[in-house]
Amino acid sequence: MLLMKDIIREGHPTLRRIAKEVPLPPDPADIETLKSMKEFLINSQDPVISEKYGIRGGVGLAAPQINVSKRMFVMRLNDEKGEEHDYSFINPKIVSHSVEKSYLTSGEGCLSVDRSIPGYVQRHARITVKGYNEKGEEIKLRLRGLPAIVFQHELDHLNGVMFYDHIDEKNPFQLKEGAIPIE
Ligand SMILES: CNC(=O)c1cccc(C)c1Nc1nc(N2CCN(c3ccccc3Cl)CC2)nc(N2CSC[C@H]2C(=O)NC)n1
Ligand code: NI
């Protein structure tokens, strides 16, 4: 099972690389990797298991974070309506997005960053995304709210971008006109 020791931290070169497209249909090794990443998120959200193994809570994890430079990530969260969003994406893309931005009012955290970095990360408020699941089937979704934030945070990891690259150093809490807060 994946543990925090398997998560690479900022400073590791893989976090700044462009991850490679995954050939379709995905091979068994890639499917196994995605399964272990999803299990890690489930464990990280379980009060007993996360405590026992010292796993930090997360709702998204990208393959480069376990030093696998491939274009795939997993998400598992409940949105503000309590609806569960549980996805494994292979070769994910944003196909269109809103002009409006949204941001987490508490800032963003990352399992590969062992420090708290204050500031707002403004992202597209609504996105239309496409990718493939572990069966190689095409998935197309419209996301907003926390799921949209998490998708963009994890997609950034596939392009060597860290959340704090988006924070304005001079004014970390500056907001664009009409930015939507997400608690
Ligand atoms: C610096 N301030 C903060 O960290 C921060 C501080 C307060 C609130 C928020 C909202 C913050 N921000 C933030 N909190 C999260 N979690 C809250 C705790 N939760 C969780 C933890 C334990 C069990 C179950 C769960 Cl559900 C897991 C998810 N996750 C992300 N991100 C940014 S997008 C990818 C996503 C991610 O998975 N990061 C590891 N940001
Ligand atoms: Ni991250």
Side-chain angles (χ1 to χ4, degrees), residues 2-19 34 36-89 92 94 97 101-127 129 141 143-169 172-173 175 179-183:
L2 285 174
L3 296 168
M4 287 308 292
K5 67 173 177 46
D6 303 304
I7 307 273
I8 60 173
R9 310 298 157 88
E10 48 182 336
H12 191 300
T14 302
L15 285 174
R16 289 301 190 180
R17 283 173 57 192
I18 305 282
L34 278 170
S36 69
M37 289 164 63
K38 182 61 67 67
E39 180 202 40
F40 177 89
L41 284 188
I42 293 168
N43 289 341
S44 83
Q45 296 170 18
D46 179 303
V48 175
I49 301 176
S50 61
E51 167 73 27
K52 182 173 177 200
Y53 293 97
I55 303 176
R56 269 184 61 195
V59 288
L61 183 70
Q65 294 182 273
I66 56 169
N67 206 18
V68 173
S69 199
K70 293 187 177 182
R71 301 190 76 79
M72 46 194 210
F73 63 70
V74 295
M75 291 170 52
R76 179 186 159 90
L77 61 103
N78 295 307
D79 66 17
E80 67 288 347
K81 299 188 191 91
E83 201 183 318
E84 187 167 88
H85 295 259
D86 189 328
Y87 312 117
S88 298
F89 279 106
I94 293 176
H97 62 78
K101 302 290 183 198
S102 64
Y103 63 98
L104 294 185
T105 54
S106 307
E108 293 191 9
C110 178
L111 295 171
S112 296
V113 179
D114 294 329
R115 55 197 173 111
S116 180
I117 301 175
Y120 292 143
V121 180
Q122 295 180 91
R123 297 184 183 278
H124 305 310
R126 293 175 301 284
I127 50 178
V129 305
L141 296 167
L143 300 176
R144 62 184 58 212
L146 180 60
I149 298 284
V150 177
F151 184 99
Q152 293 171 81
H153 176 114
E154 303 313 330
L155 184 64
D156 271 352
H157 279 306
L158 308 187
N159 296 320
V161 174
M162 302 294 282
F163 74 86
Y164 47 78
D165 299 346
H166 300 287
I167 296 175
D168 183 299
E169 257 159 46
F173 294 95
L175 287 170
I180 300 163
I182 298 174
E183 302 303 323

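Throughout, residue positions are numbered sequentially from 1 according to the sequence presented. Numbering of ligands and ligand atoms starts at 1, following listing order.
Contact record, Asn159 with Ile18: O-CD1, 3.7 Å, taken as the closest heavy-atom pair. Across Leu111 and Gly57, no two heavy atoms sit closer than the pair CD2-O, 3.8 Å.
The pair Asp86-Lys38 counts as a salt bridge, with a side-chain nitrogen and a carboxylate oxygen less than 4.0 angstrom apart. For the pair Asp165 and Arg16, the salt-bridge criterion is met [side-chain N within less than 4.0 Å of a carboxylate O].
At least one heavy atom of Glu154 sits closer than 4.0 Å to an atom of ligand 1.
Gly107 O, 3.6 Å is the protein heavy atom nearest to atom 11 (C) of ligand 1. Ranking protein heavy atoms by distance to atom 2 (N) of ligand 1, first place goes to Ser106 O, 2.9 Å. Among all protein heavy atoms, the one lying closest to atom 20 (C) of ligand 1 is Gly57 CA, 4.2 Å. Summary of contacts: the protein heavy atom closest to atom 1 (C) of ligand 1 is Glu108 O, 3.3 Å. The protein atom (non-hydrogen) at minimum distance from atom 31 (N) of ligand 1 is Gly109 O, 3.4 Å. Closest protein heavy atom to atom 25 (C) of ligand 1: Gln45 CG, 4.1 Å.
Distance CD/Glu51 to CD1/Ile49: 12.0 Å, rounded to 0.5 Å. Rounded to the nearest 0.5 angstrom, Ile167 CD1 and Tyr120 OH are separated by 11.0 Å.
Ranked by closest heavy atom to atom 36 (C) of ligand 1, the top entry among Val121, Val59, Ile7, Ile55 is Val59.
Side chains of Glu10 and Ser112: no donor on one and acceptor on the other come within 3.5 Å.
Counting protein heavy atoms under 4.0 angstrom from atom 17 (C) of ligand 1 gives zero. Within a 4.0 Å radius of atom 14 (N) of ligand 1, the protein contributes no non-hydrogen atoms.
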Original post:
Under the ring pair (Phe, Tyr, Trp, His ring centres under 6.0 Å) criterion, do Tyr87 and Phe151 qualify, and how do the steps go?
Top reply: CA-CA 10 Å; Tyr87 312 117; Phe151 184 99; 8.4 Å; no
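Within His153, the N, O or S atom lying nearest to the Ni ion (ligand 2) carries the name NE2. Considering just the N/O/S atoms of His157, the one nearest the Ni ion (ligand 2) carries the name NE2.
With ligand atoms numbered from 1 in the order given, ligand 1 contributes 40 (N) to contacts under 4.0 Å with heavy atoms of Leu104. Those atoms of ligand 1 with a heavy atom of His153 less than 4.0 angstrom away are 32 (C), 33 (S), 34 (C).
The environment of Tyr53 atom OH is sparse: at most 12 non-hydrogen atoms of other residues, nucleotides or ligands sit within 6.0 angstrom.
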